[in-house]
Amino acid sequence: MTGWRIVSLNASGRGGRARPRSPSAPGQRDTPANGHPGPVAAGQQPALPPGEVGPVTPGQGSTPPGAPPRLPVNRAKPPRHVSPRAARSRRRPAPSARQLKQVRAAALAVVAVCTLAIGLATGFGSEPSAEPTANAFLLDWQQQQYRAAGGLTTARPGTASAVLRGAFAQLDASQLSLTMRSVVQHGNTAEASFLASVSLAQQGQVWTYQGRFGLVRERGGWKVAWAPGVVYPSLGPGERLAVVTQFPARAPVLDATGRPLEVPGPVHVLGVWPSRLADPAATARAFAKSTGLEAAQVLGQIAAAPPGRFLILASLDPGTYARLRSRLGQVPGLVIQQQRERLFQAQASGVVGEVGSEVNPVLRADGAFYLPGTTVGLSGLEQAYQRELLGTPTTEVVLVNPSGGEASVLARWPGTPGAPVRTTIDPKAQGAALSALDSMPNSGELVAVQASTGRVLAVAQHEASGDLPAGGPLNARLVPGTVFTIVSAAALLRTGLAASAPVSCENSFTVGGQTFTSDGTGAQASFSADFADGCGTAFAGLSERLDAGQFAQVAKGFGIGADWSQLPVSAFSGSVPPAAGGADLAAETIGQGNVRVSPLSMAMVAAAVDSGRWHTPQVIANAADPGAARAVLYADEMSTLRGLMRGAVRSGAARAAGLGGTPVYGQVSTVRTGSGWMSWFVGYRGDIAFAVIETGRAPQLSAAALARAFLSALPG
């Protein structure tokens, strides 16, 4: 008997094989015009083919396999109303003709059901089933026993096994799950349908599709009728599968006007033409050895790529490329192209941060798979907003024709573009800062903020003859020297000291057993004159008017030591440890001892003098309100402090920063460092407060002149 249907279920008593995975391919399952089933949507189980039944749960009234169906038992019930005569006679009335027909029909139905059940159990004349062969083939294929699977087909030895093995590599698959759906048998031929779920290793996607293959009965039993379509229904002779993954361009970090802060710069693009590689495995090993990647992951990308498309393996910044150049030259088949992209170079790099490529060790330390096109933020906003800026890739499973062209897309997972991040950086202030620094022969850094709001307007660096401090303009921990007398003067004004009070500037002064020196002559001068000249011994002597608690409180009012952990970038607000005695306190008043600051923290000090209130710095446009600004000093004290800073620029040590028009206020210092010297200027003009450092090997530095160059470059 032919034309009957054998259904293989997940719990088939004949050896149902693979456990299905939850499909996660995107989109609704549909059937294309060519009749081949499409991918199944994530979270959906494909519908059973017409006429197929679902699994039977044991213990819920099911009939054991091979047993005839249970017939309903019709238990007779006594009639509810019996006439006295019928009760006495106990006679059963003769059945009518209609009742006899119903009984005959029921009997025939029972016979038909029993016959069908027995036929299904015995195979209708012991006709061998194709299901065991179909199940065995799928199990061997799933378990990557390709030789065994090929032996169950009509193909020549090695043909089917090579195609099955190649398909797994072409998809760069990490796992394959195959589930039998049904087997429909017609005499000496049969057709099996199955559900395939393929985990794409690096992309993290699962491609699910419905497949089918034919079977034929030969003398030795059933065989899978081999054709490329066994792997995927629309796969034809000479065709192959491939995976294409493309990341969107990394989204930019923007200035306050919406323009990218990244600037075009050289990028070295490394890639291969897969079809031109004599030995892809050797290329993968050599490239992995040169870059620190895993050879198996590199080979997986090469094997899965369309052979006729240029495959980018990595994009390197100039420094990384220079370091790896000699080793990369030994990679067979590697092609190196130089392009220009907005990726590795940026203005305001102290805020924007740095970006690493596919070969960066940070990715491997985080456990990320190697995937061409991946970029990673290493610092600054690039690191803080990594997910937003990177976006997600688009992944496609494609069918490649014999000539290497991409014939059709079989499954697609659309990616998402990266989202740009807008900062508070003002392009005019940033441009002025870069212009000023580039004009200097020494290295330097500059941070500018809007005094009335705390918004960071410019962050610039320039490296030349001097060493720049570690940490950058926002997070460096530096000795400030006498620019810290801005804070010390505020503390002394709180004690009632007047700007006109006579204070001598001695050549040396001893406090608590520690001697402090300066270029003073010992002549009497006013406190304002000592501040303007940056006389350290004068402040060391005046420290005896203070106690450690008072000084720490004033420093805190200027934001020194404030909690900046909510900022999206690493930034140091400064530190003034409690003084252990008179000598410690004297050292702290002149910015020595254990006092540490960053250029940003000192720019915020200048901003507090300018506006009269201290603000939390902000680097992201439209960020959440950090809270109400705090008053630092009483109005008269703040007015006096501004006068002290104005005098330093007008006639004191900071006079190199002076300009006509809007007045400039500030203070300077020169500090000895481990590798040379550092000059400071901290001040403000209008609503812009800023801090500048210049580093060099000789003390002949002038951060005040650098400040003047910055202010001169500002428009208006």
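Quick note: numbers below take in every heavy atom, side chains included, and nothing from hydrogens, waters or symmetry partners.
- The shortest side-chain heavy-atom distance between Pro280 and Leu299 falls under the 4.5 Å cut-off.
- Inspection of the Ser570 and Asn475 side chains reveals no N or O donor paired with an N or O acceptor under 3.5 Å.
- Of the N and O atoms on the side chains of Ser357 and Ser315, not one donor lies less than 3.5 Å from an acceptor on the other residue.
- Under a 3.5 Å cut-off, the side chain of Thr283 and the backbone N or O of Pro332 do form a donor-acceptor pair.
- Note that CZ of Arg387 is 12.0 Å distant from OG1 of Thr416, once rounded to the nearest 0.5 Å.
- The closest side-chain heavy-atom distance from Phe690 to Leu711 is below 4.5 Å.
- Here the straight-line distance linking atom OG of Ser290 with atom CZ of Arg285 works out to 12.5 Å at 0.5 Å rounding.
- You'll find the side chain of Pro266 stays beyond 4.5 Å of the side chain of Asp317, heavy atoms only.
- Checking side-chain atoms of Thr423 against main-chain N and O of Ile620 turns up no donor-acceptor pair under 3.5 Å.
- Although no hydrogens or angles enter the test, the distance criterion places no donor-acceptor pair under 3.5 Å between the side chain of Thr394 and the main chain of Pro414.
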(request) Any chance you could lay out the side-chain contact (heavy atoms from CB on, under 4.5 Å) test for Val664 and Tyr684, step after step, and finish with the verdict? (result) CA-CA 6 Å; Val664 181; Tyr684 63 92; over 6 Å; no
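- In this structure, Ser379 contributes its side chain and Gly353 its backbone to no donor-acceptor pair below 3.5 Å.
- Glu463 contributes no side-chain N or O that, together with a main-chain N or O of Ser443, makes up a donor-acceptor pair within less than 3.5 Å.
- Minimum interatomic distance between Ser679 and Leu701 (heavy atoms only, all atoms of both residues): CB-CB, 3.6 Å.
- Residue Asn622 qualifies as open at atom CG: its count of foreign heavy atoms under 6.0 Å is 12 or below.
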(request) Go through the steps to decide whether Val359 and Tyr370 satisfy the test side-chain contact (heavy atoms from CB on, under 4.5 Å), and finish with yes or no. (result) CA-CA 8 Å; Val359 305; Tyr370 162 68; 5.9 Å; no
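- For the pair Pro469/Glu445, a side-chain contact is recorded, criterion being any heavy-atom separation below 4.5 Å from C-beta on.
- Under a cut-off of 6.0 angstrom, the local environment of CD in Gln338 is crowded, with over 12 non-hydrogen atoms contributed by other residues, nucleotides or ligands.
- Taking the side chain as every heavy atom from C-beta outward, Arg259 and Leu254 never approach each other to under 4.5 Å.
- Residues Leu363 and Pro361 fail the side-chain proximity criterion, which asks for heavy atoms closer than 4.5 Å.
- Checking side-chain atoms of Thr291 against main-chain N and O of Phe287 turns up a donor-acceptor pair under 3.5 Å.
- In terms of heavy atoms, Gly300 sits closest to Asp172 at CA-OD1, 3.4 Å.
- Once rounded to the nearest 0.5 Å, the distance linking CG of Leu381 with CG of Leu389 reads 8.0 Å.
- No donor-acceptor distance shorter than 3.5 angstrom exists from the side chain of Thr208 to the backbone of Ser197, with no hydrogens or angles considered.
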(message) Applying side-chain contact (heavy atoms from CB on, under 4.5 Å) to Trp413 and Val206, what does each step give before you reach the verdict?
(response) CA-CA 10 Å; Trp413 294 263; Val206 178; 6.0 Å; no
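- Enclosure of atom CZ in Arg327 by more than 12 non-hydrogen atoms of other residues, nucleotides or ligands within 6.0 angstrom is indicated.
- A distance of 10.5 Å separates CG of Asp687 from CZ of Arg455, quoted to the nearest 0.5 Å.
- Between Thr374 and Leu371 the shortest heavy-atom distance is OG1-O, 2.6 Å.
- Between Pro473 and Ala460 the shortest heavy-atom distance is CG-O, 4.1 Å.
- To the nearest 0.5 angstrom, Leu324 atom CG is 11.0 Å from His268 atom NE2.
- With rounding to the nearest 0.5 Å, the separation of OG in Ser601 from CG in Leu478 is 8.5 Å.
- Tyr232 has its ring centre less than 6.0 Å from the ring centre of Trp207.
- Within 6.0 Å of CZ in Arg240 there are more than 12 heavy atoms belonging to other residues, nucleotides or ligands.
- In this structure, Leu171 and Leu200 approach most closely via the heavy-atom pair O-CD2, 3.6 Å.
- Ser349 contributes no side-chain N or O that, together with a main-chain N or O of Val352, makes up a donor-acceptor pair within less than 3.5 Å.
- Annotation for Gln246: atom CD does not count as buried by contact number, only 12 or fewer foreign heavy atoms lying within 6.0 Å.
- Shown here is Gln386, whose CD atom has more than 12 heavy atoms of other residues, nucleotides or ligands within 6.0 Å.
- In Glu294, the CD atom is not crowded: 12 or fewer heavy atoms of neighbouring residues, nucleotides or ligands sit closer than 6.0 Å.
- You'll find the side chain of Leu334 reaches within 4.5 Å of the side chain of Leu313, heavy atoms only.
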(message) Does Gln347 form a side chain to side chain donor-acceptor pair (under 3.5 Å) with Gln430? I'd like the steps, not just the answer.
(response) CA-CA 8 Å; Gln347 299 183 50; Gln430 181 68 29; 4.7 Å; no
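- Annotation: cation-pi geometry satisfied between Arg477 and Phe572 (NZ/CZ under 6.0 angstrom from ring centroid, within 45° of ring axis).
- Of all the heavy atoms in Lys428 and Leu714, the pair that sits closest is O-CD2, 4.1 Å.
- By the neighbour-count criterion of 12 heavy atoms within 6.0 Å, atom CZ of Arg325 is sparsely surrounded, having that number or fewer from other residues, nucleotides or ligands.
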(request) Run the numbers on Val597 and Trp680 for side-chain contact (heavy atoms from CB on, under 4.5 Å), then give the verdict. (result) CA-CA 12 Å; Val597 296; Trp680 280 85; 3.9 Å; yes
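- Val267 has its side chain within reach of Phe344: a pair of non-hydrogen atoms, C-beta onward, lies under 4.5 Å apart.
- A side-chain donor-acceptor contact under 3.5 Å links Glu239 to the backbone of Gly236.
- Electrostatic pairing of Glu262 and Arg250 does not count as a salt bridge here, judged by no charged N lying under 4.0 Å from a carboxylate O.
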(request) Please lay out, stage by stage, how Glu694 and Asn442 fare under the test side chain to side chain donor-acceptor pair (under 3.5 Å). (result) CA-CA 7 Å; Glu694 183 183 4; Asn442 297 310; 2.9 Å; yes
